[in-house]
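Quantities reported herein were computed from a predicted structural model and do not represent experimental measurements. Chain naming here is simple, since letters A, B, ... match the order of the sequence lines and numbering starts at 1 in each.
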Number of protein chains: 2
Amino acid sequence: MDSKQQILLRSNEAKEIYLPHISADPVIFGFENNGLKVLMLQTNYRQKWLLPGGYVRKDEDLDDAVVRILKDRAGISDAYMEEFGVFGKKDRSEFFFEDFDETLFHKQRFISIGYLALYNPSNTILVKDDISNACDWIFLDELDNIDIAMDHREIIEKALLTLREKISIKPIGYNLLPEKFTLSELQKLYETILGKELNRGNFYRKIKNLGILKKLDERRRGGAHKAPDLYSFDEQNYNKALENGLNNW
Amino acid sequence: MDSKQQILLRSNEAKEIYLPHISADPVIFGFENNGLKVLMLQTNYRQKWLLPGGYVRKDEDLDDAVVRILKDRAGISDAYMEEFGVFGKKDRSEFFFEDFDETLFHKQRFISIGYLALYNPSNTILVKDDISNACDWIFLDELDNIDIAMDHREIIEKALLTLREKISIKPIGYNLLPEKFTLSELQKLYETILGKELNRGNFYRKIKNLGILKKLDERRRGGAHKAPDLYSFDEQNYNKALENGLNNW
DNA sequence: CCAAAAGTGTTTGTATTACACCCATGT
DNA sequence: ACATGGGTGTAATACAAACACTTTTGG
């Protein structure tokens with residue numbers, strides 16, 4: 001079965017179970033090798049890259065739909081999630097399926113709700129579904145080199161802006177870093193998101209005064225030099241800081 | 001024609017021209033008599049108060065739809081506008097029209113996109129449309145005393161939170177105050193949105209250093225005491241501050 | 001004259017920034 | 001030994017918060 005037939009099959013099913021005209025597109029950010037990445041899928045059909053979006057079931061809360069979409073399309077659960085924008089231009093999506101006729105579910109006009117998600121790439125086992133031929137974390141600076149469908153590039157940019165604003169108000173890291181991490185990894189994450197370098201000593205003090213870290217009795221061995229201490233987040237204080245907000249960086 | 005018949009009539013029309021399942025609800029804030037107000041309509045049907053929401057035409061950008069809705073339902077143009085949240089619980093709206101059958105357009109499941117708008121009440125000539133028997137600015141502290149339909153109270157609360165966060169990043173006032181205003185009016189606006197009192201002298205210096213005000217050669221006469229100077233916004237600097245953001249209050 | 005309005009001064013406290021220094025330690 | 005990591009000291013700066021005093025002026 002070729003990719004076009006597969007889409008047609010999906011279309012009929014979709015008409016029955018999903019609300020028309022509404023889609024949700026999660027921009028899932030991950031942090032690895034000192035860089036920010038976005039999870040994207042490449043469709044069999046037309047070989048273009050897309051956010052792992054999906055639709056809302058007729059009998060399902062929108063919030064639940066997004067959780068399900070993340071799970072089904074990217075194999076991700078328990079990610080941090082937040083709505084950050086709505087994309088509703090009238091020709092934003094219809095053109096993509098130009099070789100299908102108007103009855104195709106996917107070819108409707110869609111208003112898409114953008115969700116920002118944070119997740120640690122090393123926790124993911126990437127599974128491409130049957131309409132995708134690839135599922136990958138793409139570094140932010142590689143986005144320019146791939147062919148992105150519809151307005152998904154614009155969606156990612158808005159998500160990134162939101163992330164940047166967010167980090168000056170709320171702590172970020174819990175969903176992006178592994179259980180155990182070093183201070184310089186955390187600092188690098190902040191530097192990457194903010195797009196500027198931070199002073200190590202000041203970062204050390206500030207993050208420590210927040211009280212959101214727990215120093216572990218372990219070190220990361222095997223590096224070329226002194227073994228750095230490992231930390232993890234103190235969940236209670238982290239969540240308290242999430243509620244109360246922080247100051248600026 | 002009673003209110004139920006009127007809704008039925010609207011329903012048939014609506015099915016033809018609007019996208020199903022999608023609505024937009026603007027929370028329009030106004031400032032008058034030293035207090036924040038929200039524009040609301042009271043439906044003939046069931047006498048409940050609602051935000052002046054509307055639907056999106058099949059051939060219309062979402063952004064344009066919101067502008068049209070504001071114009072048609074509240075007689076407002078050129079308001080500041082910004083999306084602040086999406087409300088998508090599955091039973092959030094269907095119950096309101098319980099005495100109609102399932103074919104009613106309005107009784108569908110709706111996912112509503114919330115928009116925050118700022119407008120000066122004295123610029124509005126309130127026009128109730130034919131499905132509303134009242135259209136009014138309601139003071140925030142009066143909201144508890146009126147019967148608000150669906151989840152619209154929750155939507156207003158989220159909008160207010162967004163407004164509060166917004167004021168610490170961007171200047172606010174251009175769309176909420178008349179052309180010419182006094183410093184104490186502006187201070188009162190800030191105090192109302194932030195929900196706390198500010199020191200006059202410090203406010204004076206801070207707002208002045210922002211450079212977003214123009215002092216006019218006029219005074220407000222007729223008060224009991226010294227006539228206060230009138231100001232207006234310096235549009236260029238105001239917009240620059242909008243782009244660049246400010247500090248905290 | 002009086003109360004509101006405009007404008008300025010000062011003090012205290014707290015964060016931020018930028019550097020710099022010292023110690024610890026794995027290879 | 002040495003590069004990295006951990007931890008602290010400090011001086012300059014910049015605001016923010018609280019308060020108080022003065023001058024102006026419309027009725």
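- Straight-line distance from the CZ atom of A/Phe203 to the P atom of D/dG5: 13 Å, rounded to whole Å.
- As rounded to whole Å, 11 Å separates atom C1' of C/dA24 from atom NZ of A/Lys215.
- Here B/Asp234 does not pair with B/Lys214 in a salt bridge; the nearest charged N to carboxylate O distance is not below 4.0 Å.
- At a threshold of 4.0 Å, the pair A/Asp64-A/Lys71 does not count as salt-bridged, since none of the basic side-chain nitrogens sits closer than that to a carboxylate oxygen.
- A/Arg200 comes within contact range of at least one nucleobase, with a heavy-atom separation under 4.0 Å.
- In terms of phosphate contacts, A/Arg219 brings a side-chain nitrogen or oxygen within less than 4.0 Å of OP1 or OP2 of C/dG26.
- In terms of phosphate contacts, A/Tyr204 brings a side-chain nitrogen or oxygen within less than 4.0 Å of OP1 or OP2 of D/dG7.
- Counting to the nearest Å, the P atom of C/dA4 and the CD atom of B/Glu185 are 16 Å from each other.
- For the pair A/Arg221 CZ and D/dG5 C1', the interatomic distance rounds to 13 Å; values are reported in whole Å.
- A/Tyr80 and A/Lys166 are linked by a side-chain donor-acceptor pair at a separation below 3.5 angstrom, with hydrogens and angles left out of the test.
- Between the NZ atom of B/Lys188 and the C1' atom of C/dA4 there is a distance of 14 Å, rounded to whole Å.
- With C/dG7, D/dT4, C/dA4 as the candidates, the nucleotide lying closest to the side chain of A/Lys226 is D/dT4.
- Aromatic ring centroids of B/Phe110 and B/Phe87 lie 6.0 Å or more apart.
- A straight line from CG of B/Leu198 to C1' of D/dA18 spans 13 Å, rounded to a whole angstrom.
- Residues A/Asn199 and B/Lys208 each lie close to DNA chain C; by heavy-atom proximity, the contact nearer the 5' end of the strand is made by B/Lys208.
- Donor-acceptor pairing under 3.5 Å, judged by distance alone, is present between the side chain of B/Asn202 and the base of D/dA18.
- Side-chain atoms of B/His225 lie closest to C/dA3 of the nucleotides C/dA3, D/dG27, D/dG6.
- Between B/Asn209 atom CG and D/dC15 atom P the separation is 9 Å, expressed in whole Å.
- At least one side-chain nitrogen or oxygen of A/Lys206 sits closer than 4.0 Å to the OP1 or OP2 atom of C/dT16.
- Nearest to the side chain of A/Leu183, among D/dG6, D/dA18, C/dA6, sits D/dG6.
- Rounded to whole Å, atom C1' of D/dT4 lies 12 Å from atom CG of A/Asp229.
- Counting only distance, with no hydrogens or angles, the side chain of B/Glu191 and the backbone of B/Glu197 share no donor-acceptor pair below 3.5 Å.
- Nearer the 5' end of DNA chain D, as judged by each residue's closest nucleotide, is the contact made by A/Leu230, out of A/Arg205 and A/Leu230.
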